[in-house]
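In what follows, a single structure is set out as structure tokens and then discussed.
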Amino acid sequence: MLTKIDHIGIAVKSLDETIPFYRDNLGMAFAGIEEVAEQKVRVAMLQVGESKIELLEPTCEESPVAKFIEKNGVGIHHIAYEVADIEAEIAKLLAGGVRMIDEKPRNGAHGTRIAFIHPKSSNGVLTELCQAGH
Ligand code: CMX
């Protein structure tokens with residue numbers, strides 16, 4: 001079961017140049033920067049109500065986020081839904097014929113476990129399941 005929109009991922013070229021808009025102009029609470037080396041991105045989290053905005057900066061040219069920006073420009077990259085039991089959710093989606101990029105959870109930012117649904121199964125919107133870490 002999905003419990004809320006956990007975050008919206010936005011691809012940016014530079015965290016330093018983008019954070020001030022969200023933190024200072026929009027007044028969101030800045031919750032820090034973390035590198036997810038495995039996925040070749042640096043992420044900045046900003047809290048808005050019960051949800052977050054996740055700014056994604058590629059750490060190298062081979063980063064999937066660098067490729068996304070090259071193809072589409074900067075902008076919304078994915079939507080992440082919080083789930084209580086990610087394995088159960090993946091199993092349910094697979095049983096329903098949904099194509100997963102990740103059939104097993106991988107590590108996300110801030111100790112989360114995440115899995116992406118293939119955009120072909122989600123109308124072109126990259127969709128992430130996200131289970132909070134303990
Ligand atoms: N929006 C829409 N479509 C996208 C997409 C996006 N953001 N990213 C990739 N796709 C499409 C690709 O174009 C490709 O389509 P085709 O099969 O038609 O060519 C398809 O999805 C698969 O993409 P891929 O790059 O070939 O597949 P990979 O398995 O190598 O990687 C993915 C998929 C989504 C994991 C990777 O592209 C990506 O974005 N990685 C970064 C993930 C990320 O944001 N991590 C950050 C933090 C985690 C957190 O939220 O905590």
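As the structure lists them, so they are numbered: ligands from 1, and atoms in each ligand from 1. Just the heavy atoms: all of them, side chains too, but no hydrogens, waters or symmetry mates, feed the values below.
Ile101 is listed as a side-chain neighbour of Leu126, based on a closest heavy-atom distance under 4.5 Å. In this structure, the side chains of Pro105 and Glu87 come closer than 4.5 Å at one or more pairs of heavy atoms.
Evaluation of the salt bridge (charged side-chain N to carboxylate O under 4.0 Å, His left out) test over residues 28-44, restricted to residues two or more places apart or in two chains, returns Arg42-Glu57. A salt bridge (charged side-chain N to carboxylate O under 4.0 Å, His left out) check over residues 14-26, counting only residues at least two apart or in different chains, returns nothing.
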Apply side-chain hydrogen bond (donor to acceptor under 3.5 Å, both in side chains) to Glu54 and His78, showing your working. CA-CA 9 Å; Glu54 180 185 76; His78 67 264; 3.2 Å; yes
Pairs under 3.5 Å, N/O atoms on ligand 1 and on the protein: can you put them in a table with the distances?
from	atom 1	to	atom 2	distance (Å)
ligand 1	7 (N)	His77	O	2.9
ligand 1	7 (N)	His77	NE2	3.4
ligand 1	13 (O)	Lys71	NZ	3.3
ligand 1	18 (O)	Lys120	NZ	2.6
ligand 1	39 (O)	His77	NE2	3.1
ligand 1	45 (N)	Gln39	OE1	2.6
ligand 1	50 (O)	His7	NE2	3.2
ligand 1	50 (O)	Glu54	OE1	3.0
ligand 1	50 (O)	Glu54	OE2	3.0
ligand 1	50 (O)	Glu128	OE1	2.9
ligand 1	50 (O)	Glu128	OE2	3.2
ligand 1	51 (O)	Glu54	OE2	3.4
ligand 1	51 (O)	Ala109	N	2.9

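Residues that satisfy the side chain to side chain donor-acceptor pair (under 3.5 Å) test with Ser14, not counting sequence neighbours, are absent from this structure.
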